[in-house]
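Labels below follow one simple rule: chain letters A, B, ... track the order of the sequence lines, proteins then strands, and each chain is numbered from 1. Every value quoted in this text rests on a predicted model; they were computed, and no experiment measured them.
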Protein chains: 2
Amino acid sequence: MNEKDDFALQDFLPYLLNRAAEESSLGFQKHYKNRYGMLRTEWRVLFHLGNYGQMTAKEIGARAKIHKTKISRAVAKLAEKRFVTRTRDENDRRSEHLALTPAGEAAYKDLREHALEFDTRICARFTTGEVAILRYMLRNLAGIEP
Amino acid sequence: MNEKDDFALQDFLPYLLNRAAEESSLGFQKHYKNRYGMLRTEWRVLFHLGNYGQMTAKEIGARAKIHKTKISRAVAKLAEKRFVTRTRDENDRRSEHLALTPAGEAAYKDLREHALEFDTRICARFTTGEVAILRYMLRNLAGIEP
DNA sequence: GAATATTAGTTGTTTTTGTAACTAACAAGG
DNA sequence: CCTTGTTAGTTACAAAAACAACTAATATTC
C-alpha cells in the first residue's frame, strides 16, 4: 500500500487546521457554553460588539465572515438573554445597531478574561517567535488583513 | 470602550484557528463534495483507509478523534457508494475490518492528488521554515504525537 | 457457568447548520 | 411617481451534527 506516498494525512494542512481548531475550541467552549448557555456564533457576536463597540449585523457578518442567517439567530438569542439591544437606524430603517447591555458587557468582560488566560496557556507551550509566526500565518490563511 | 484592552479578537488563537480552518476547508471541500458527493467525515475515513490500509471503525475514530456515530454513518455511505468493504473479525465478531474497494482506492488516489496540490499551493505563500513551524505547532495543538 | 459489565457499532431524537425563499426598506431609471 | 433592482434582516425547510439509548458480542467475576 501507499506506493509513491509522499502524502501524509497528518501533514495535510486543512486536516491539521481543523483538528487543531476543534481541539482548541473545545477547551474554550465550556466557558461560554456552561456559564452562559451560548453557542459559538453567539460568543463571536458578543465579542465583536465588546471589542469594536456598536455594530450592525451586516458589519459583524462581513468582519467575521459569518452568514447573515447565523448572525440573525445569534442576535435573537443574545437579545432574549438581554445581552444586546437593537436600535433601528433612522436613516436606513432596514438595519439596526446592536450594542451590549450592561449584562452583556459583564459577560463579555468575564469571557474575555477567560479567553486571555486560555490563550496565554496555549502560547506558553511555544516560544514567542513561534507564536508570532503562527498568528501571522493563520491570519493569512484566514484571509484577515495583517 | 475597551479600557484595559490588551485583548484583540483577531489574535485569539481559537478564533484564528477556526477561521483559518474554515477557510482552508472550503477550498478543498469542492473536490470531494462535487466530484464524489462526500461529506467531510467521509473523506476523512476514506483518507484514513487509503493512508493506513485496513482499519476498524474504532481505530479510525481513535486516530482521527471522530465520534463513533459519525464514523458509522460515514462508513455506511461509503459502503453504499461501493468505496469500502466491511468484513467481520472472526475473533471478535463485534468489530469489522474496513478496506477500500478498487473504486474507493481510485477515488482516494484522485483526491489525494488534489489534496497534495492544494496543500502545495497553500504552502507556496510561506517559506519552508515557516511551514515546518506551522505544522509542528498545529500537530501539537491538535494533540497529535509528533 | 450464570450474572454483570464492557465494548463495537447502530439507530432514534433533538439541536444546529445550510440554503432558499421571503419581507420590508431603500435606490434608480424611466 | 412607479416599475425594477438591491439590500438588511428574517423565516421556513432540508441537511448534518450532537447526544442518548439501543443491540449484539465479548469479558469479567463470583
Between P of C/dA27 and CG of A/Asp89, the distance in whole Å:
11 Å

B/Arg93 has an atom CZ; how far is it from atom P of D/dA27, in whole Å?
13 Å

Show which side-chain atoms of residues 124-139 of chain A pair as donor or acceptor with protein atoms under 3.5 Å away, not counting sequence neighbours.
{"unit_1": "A/Arg125", "atom_1": "NH1", "unit_2": "B/Asn140", "atom_2": "OD1", "d": "2.6"}
{"unit_1": "A/Thr127", "atom_1": "OG1", "unit_2": "A/Glu130", "atom_2": "N", "d": "3.0"}
{"unit_1": "A/Glu130", "atom_1": "OE1", "unit_2": "A/Thr127", "atom_2": "N", "d": "3.0"}
{"unit_1": "A/Arg135", "atom_1": "NE", "unit_2": "B/Asp11", "atom_2": "O", "d": "2.5"}
{"unit_1": "A/Arg135", "atom_1": "NH2", "unit_2": "A/Asp119", "atom_2": "OD2", "d": "2.4"}
{"unit_1": "A/Arg135", "atom_1": "NH2", "unit_2": "B/Asp11", "atom_2": "O", "d": "3.2"}
{"unit_1": "A/Arg139", "atom_1": "NH1", "unit_2": "B/Asp11", "atom_2": "OD1", "d": "2.5"}

Relative to the ring of B/Phe7, is the ring of A/Phe47 parallel (under 30°), tilted (30 to 60°) or perpendicular (over 60°)?
perpendicular

For A/Arg40 and D/dA17, give me the distance from atom CZ to atom P, rounded to whole Å.
13 Å

For atom CG of A/Leu26 and atom C1' of D/dA18, their distance in whole Å:
12 Å

Over 60° means perpendicular and under 30° means parallel, so classify the ring planes of A/Phe12 and B/Trp43, tilted if in between.
perpendicular

Between C1' on D/dA16 and CZ on B/Arg44, what's the gap in Å once rounded to a whole number?
15 Å

Mapping A/Glu90 and A/Leu39 to their closest nucleotides on DNA chain C, which lands nearer the 5' end?
A/Leu39

Length of the line joining B/Gln29:CD and C/dT17:P, which is rounded to integer Å:
16 Å

Take atom NZ of A/Lys70 and atom C1' of C/dT19, then tell me their distance rounded to the nearest Å.
13 Å

Give me, pair by pair, the N or O atoms of the protein and of nucleotides 8-11 of chain C that are less than 3.5 Å apart, along with how far apart they are.
{"unit_1": "C/dA8", "atom_1": "OP1", "unit_2": "B/Lys58", "atom_2": "NZ", "d": "2.8"}
{"unit_1": "C/dA8", "atom_1": "OP2", "unit_2": "B/Lys58", "atom_2": "NZ", "d": "3.0"}
{"unit_1": "C/dG9", "atom_1": "OP1", "unit_2": "B/Glu96", "atom_2": "N", "d": "3.2"}
{"unit_1": "C/dG9", "atom_1": "OP2", "unit_2": "B/Lys58", "atom_2": "N", "d": "2.7"}
{"unit_1": "C/dG9", "atom_1": "N7", "unit_2": "B/Lys68", "atom_2": "NZ", "d": "3.2"}
{"unit_1": "C/dG9", "atom_1": "O6", "unit_2": "B/Lys68", "atom_2": "NZ", "d": "2.8"}
{"unit_1": "C/dT10", "atom_1": "OP1", "unit_2": "B/Arg86", "atom_2": "NH2", "d": "2.6"}
{"unit_1": "C/dT10", "atom_1": "OP2", "unit_2": "B/Ser72", "atom_2": "OG", "d": "2.6"}
{"unit_1": "C/dT10", "atom_1": "O5'", "unit_2": "B/Ser72", "atom_2": "OG", "d": "3.3"}

For B/Arg40 and A/Asn18, what are the C-alpha separation, side-chain angles and deciding distance, and is it a side chain to side chain donor-acceptor pair (under 3.5 Å)?
CA-CA 11 Å; B/Arg40 208 166 56 135; A/Asn18 270 288; 2.7 Å; yes

Nearest-Å distance for atom pair CG/P, residues A/Asn91 and D/dA8
15 Å

Ring pair (Phe, Tyr, Trp, His ring centres under 6.0 Å) filter on B/Tyr36, not counting sequence neighbours, yields none

Find the distance between CG (A/Asn51) and CZ (A/Arg112) and round it off to the nearest 0.5 Å.
8.0 Å

